[in-house]
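Below is one structure, written out as structure tokens, with a few remarks after it.
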Amino acid sequence: MNPLRIGNFSGFYGDRFDALREMLTGGEVDVLTGDYLAELTMLILGRDRLKDPSAGYARTFLRQLEDCLGLARERGVRIVTNAGGLNPAGLAARIRELADRLGVPVRVAHVEGDDLTAAHPGTLAAHAYLGGFGIAACLRAGADVVVTGRVTDAALVTGPAAARFGWRPADHDRLAGAVVAGHVLECGTQATGGNYAFFGEGDVRRPGFPLAEIHADGSSVITKHPGTGGFVDVGTVTAQLLYETGGARYAGPDVTARLDTVRLSQDGPDRVRIEGVRGEAPPPTLKTGLNRLGGFRNEVVFVLTGLDIEAKAALVREQLSDALAKAPPREVRWELVRTDRADADTEETASALLRLVVRDPDQQVVGRALSGAAVELALASYPGFHVLSPPGKGAPYGVFEDVYVPHGAVDHVAVLHDGRRVPVPPPQETRPLDAVPSPPLPAPLPPGPTRRAPLGLVVGARSGDKGGNANVGLWARTDDAWRWLAHTVTTDTFRQLLPETRELPVTRHPLPNLRALNFVVEGILGDGVAAQARFDPQAKALGEWLRSRHLDIPETLL
């Protein structure tokens with residue numbers, strides 16, 4: 001049986017608008033998937049729905065489809081997307097209206113059952129992560145476009161693969177292979193050189209979007225359309241496999257994929273083969289993301305220039321602390337960022353930034369109280385007083401939390417293009433999610449001369465967020481570098497290199513098949529990206545910070 005060619009045209013809400021057309025015209029493809037949902041996106045869509053109950057979906061997808069629906073129909077390409085967000089039925093209805101207006105006959109189906117908001121009072125949006133079998137039911141019934149709400153990102157790939165090859169819920173190894181391929185595709189161009197540690201090795205000015213050739217046994221080849229930018233190699237695929245993952249068991253609603261069984265090999269230019277993936281029964285519970293409004297936040301950034309930076313910062317902190325004491329916000333956070341240089345030849349490089357962030361349930365406390373106190377200092381504070389921009393009236397911020405519910409708590413339903421409603425049963429077999437015993441490590445490198453140098457000269461990294469936690473995946477590109485990495489970067493070393501993690505729980509997960517270590521740092525992001533508790537609220541650059549730190553590295557690796 002020929003492989004199923006599944007491509008991606010969106011990795012987030014706001015991704016390259018022309019990608020759908022690029023993927024339809026750039027080469028052969030059977031199914032195109034669009035991922036629009038992240039934790040922050042669910043909060044944004046929840047606020048949209050507050051203003052307009054008929055909203056709650058990714059509106060840009062409709063505009064993309066208006067340009068490309070006829071082309072997709074002409075080429076026989078099916079489209080599967082989670083752009084339905086909080087309102088998949090609403091988006092499906094809009095697509096039908098669009099198709100009628102364009103005169104393009106398409107069959108539109110959708111998947112529902114993820115919305116558990118009513119069961120979680122006080123939340124703006126509460127949605128369980130569904131699997132791919134609802135998507136599969138829609139495709140088997142002949143749908144051309146399938147719209148979902150909150151499914152796992154990989155479900156956009158496992159659903160079409162299950163439909164094409166007739167996989168059943170007990171086909172754990174095959175499903176796990178598709179989950180791994182789906183995880184590589186889900187973030188679009190991150191698999192083709194985007195955001196890649198060794199980006200200088202190819203032309204990544206406009207990376208092409210990835211696609212996977214999936215086989216009936218669950219193995220796959222990751223590639224891209226000929227002539228598109230970027231590149232696909234074992235490194236780019238490894239980086240994406242480590243993104244926003246944790247230990248060796250990568251759990252989902254359909255299957256738990258064993259990341260420690262993944263085998264990668266270069267299969268030609270811009271082709272990476274994935275094989276050997278083993279799967280296990282999924283956990284007995286479904287992850288459910290809860291989004292709620294946490295209150296209001298405001299910030300002001302003071303620019304401190306030239307001499308006496310520390311003294312200037314101390315003065316403005318004391319002045320504002322006295323002013324804010326009249327109606328103190330619940331949370332006040334100061335950060336001094338020393339971007340200044342001595343004897344600088346531009347004013348900007350002579351300046352440091354002092355950032356004040358306040359949070360409170362009352363918008364008035366973080367709005368007028370802060371803006372008034374800051375503005376009143378304009379002629380009465382440190383020399384050279386100015387701010388990057390005046391503080392506003394305070395904006396709402398969100399809080400993300402994940403909880404777990406039994407599979408039976410959701411009514412997973414495939415709503416077919418003809419209106420029939422097909423229930424999707426929960427898995428008959430489940431398995432509690434236990435940690436995998438630590439695997440054996442390779443023998444350490446023999447002693448030899450070392451040189452103090454940045455870790456990133458020999459190691460790649462990619463980092464990301466999951467709620468309030470962050471992960472940092474490190475991988476080596478040679479066996480010798482892996483032998484060194486595995487024995488050198490322990491959890492203690494990790495904490496020393498990244499002092500912000502020293503008081504936080506850090507877990508190390510070795511993945512020898514990938515020559516990789518995956519570190520999970522609990523609580524570093526507070527209440528999640530929407531709370532903006534940190535300078536880098538999604539931990540996107542945490543790995544690059546780690547790569548910039550210096551260690552004693554064997555000269556044979558440099």
Side-chain angles (χ1 to χ4, degrees), residues 195 197-200 297-324 331-358 370-371 373-391 450-461 463 470 472 474 488-489 492-504 521 524-525 532-553 555 558:
N195 299 355
F198 304 106
F199 64 94
R297 72 182 295 280
N298 205 351
E299 70 174 84
V300 58
V301 180
F302 301 90
V303 182
L304 316 174
T305 304
L307 304 177
D308 306 319
I309 295 295
E310 299 285 348
K312 290 171 180 174
L315 172 60
V316 75
R317 287 188 60 163
E318 185 175 357
Q319 288 177 309
L320 266 180
S321 297
D322 290 343
L324 293 176
E331 181 183 345
V332 178
R333 181 170 178 171
W334 293 91
E335 290 178 292
L336 177 59
V337 183
R338 295 301 301 265
T339 53
D340 56 303
R341 303 175 193 170
D343 194 22
D345 56 7
T346 67
E347 182 178 340
E348 187 170 356
T349 55
S351 299
L353 302 176
L354 177 64
R355 181 170 177 246
L356 167 63
V357 177
V358 295
L370 176 65
S371 59
V375 169
E376 288 171 2
L377 292 180
L379 303 179
S381 189
Y382 59 87
F385 179 98
H386 66 286
V387 297
L388 288 184
S389 61
T450 63
R451 187 193 319 158
R452 196 77 175 168
L455 175 64
L457 293 184
V458 294
V459 170
S463 55
V472 182
L474 299 176
T488 301
V489 185
D492 286 342
T493 303
F494 183 92
R495 287 191 176 101
Q496 291 169 10
L497 294 173
L498 301 185
E500 291 181 29
T501 70
R502 285 180 180 169
E503 305 302 320
L504 299 173
V521 185
I524 191 170
L525 303 179
Q532 298 184 46
R534 200 173 167 274
F535 166 70
D536 175 16
Q538 290 180 281
K540 295 289 190 182
L542 199 60
E544 286 302 292
W545 177 27
L546 181 58
R547 292 182 70 235
S548 74
R549 299 308 307 270
H550 288 218
L551 284 171
D552 293 325
I553 299 175
E555 289 188 352
L558 295 172

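Judged as a salt bridge (charged side-chain N to carboxylate O under 4.0 Å, His left out), the pairs with a partner in residues 306-319 (not counting sequence neighbours) are, in order, E310-R338.
In this structure, F535 places its CZ atom where only 12 or fewer heavy-atom neighbours from other residues, nucleotides or ligands lie under 6.0 Å away. Other residues, nucleotides and ligands contribute only 12 or fewer heavy atoms inside 6.0 Å of the CZ atom of F199.
At distances below 3.5 Å, not a single donor-acceptor pair connects side-chain atoms of S548 with backbone N or O atoms of P454. Of the possible donor and acceptor atoms, none in the side chain of T501 sits under 3.5 Å from a partner among the backbone N and O of L504. T450 places no side-chain N or O within donor-acceptor distance of the main-chain N or O of D552, the cut-off being under 3.5 Å. Without hydrogens or angle criteria, S463 side chain to V472 main chain gives no donor-acceptor distance under 3.5 Å. Without hydrogens or angle criteria, T493 side chain to T488 main chain gives a donor-acceptor distance under 3.5 Å. Side-chain atoms of R549 do not come within 3.5 Å of backbone N or O of L455 as any donor-acceptor pair.
Remark: S389 pairs with no residue by the side-chain contact (heavy atoms from CB on, under 4.5 Å) rule, at least two apart or across chains. By the side-chain contact (heavy atoms from CB on, under 4.5 Å) test, E331 pairs with R359, sequence neighbours left out. Listed by chain and number, the residues in a salt bridge (charged side-chain N to carboxylate O under 4.0 Å, His left out) with R355 are E299, E335 (sequence neighbours excluded). The side-chain contact (heavy atoms from CB on, under 4.5 Å) test applied to Q538 returns D465, V529, K540, not counting sequence neighbours. Contacts of E347 classified as side-chain hydrogen bond (donor to acceptor under 3.5 Å, both in side chains), with partners at least two apart in sequence or in another chain: none.
Interatomic distance, Y382 OH to L304 CG, rounded to the nearest 0.5 Å: 4.5 Å.
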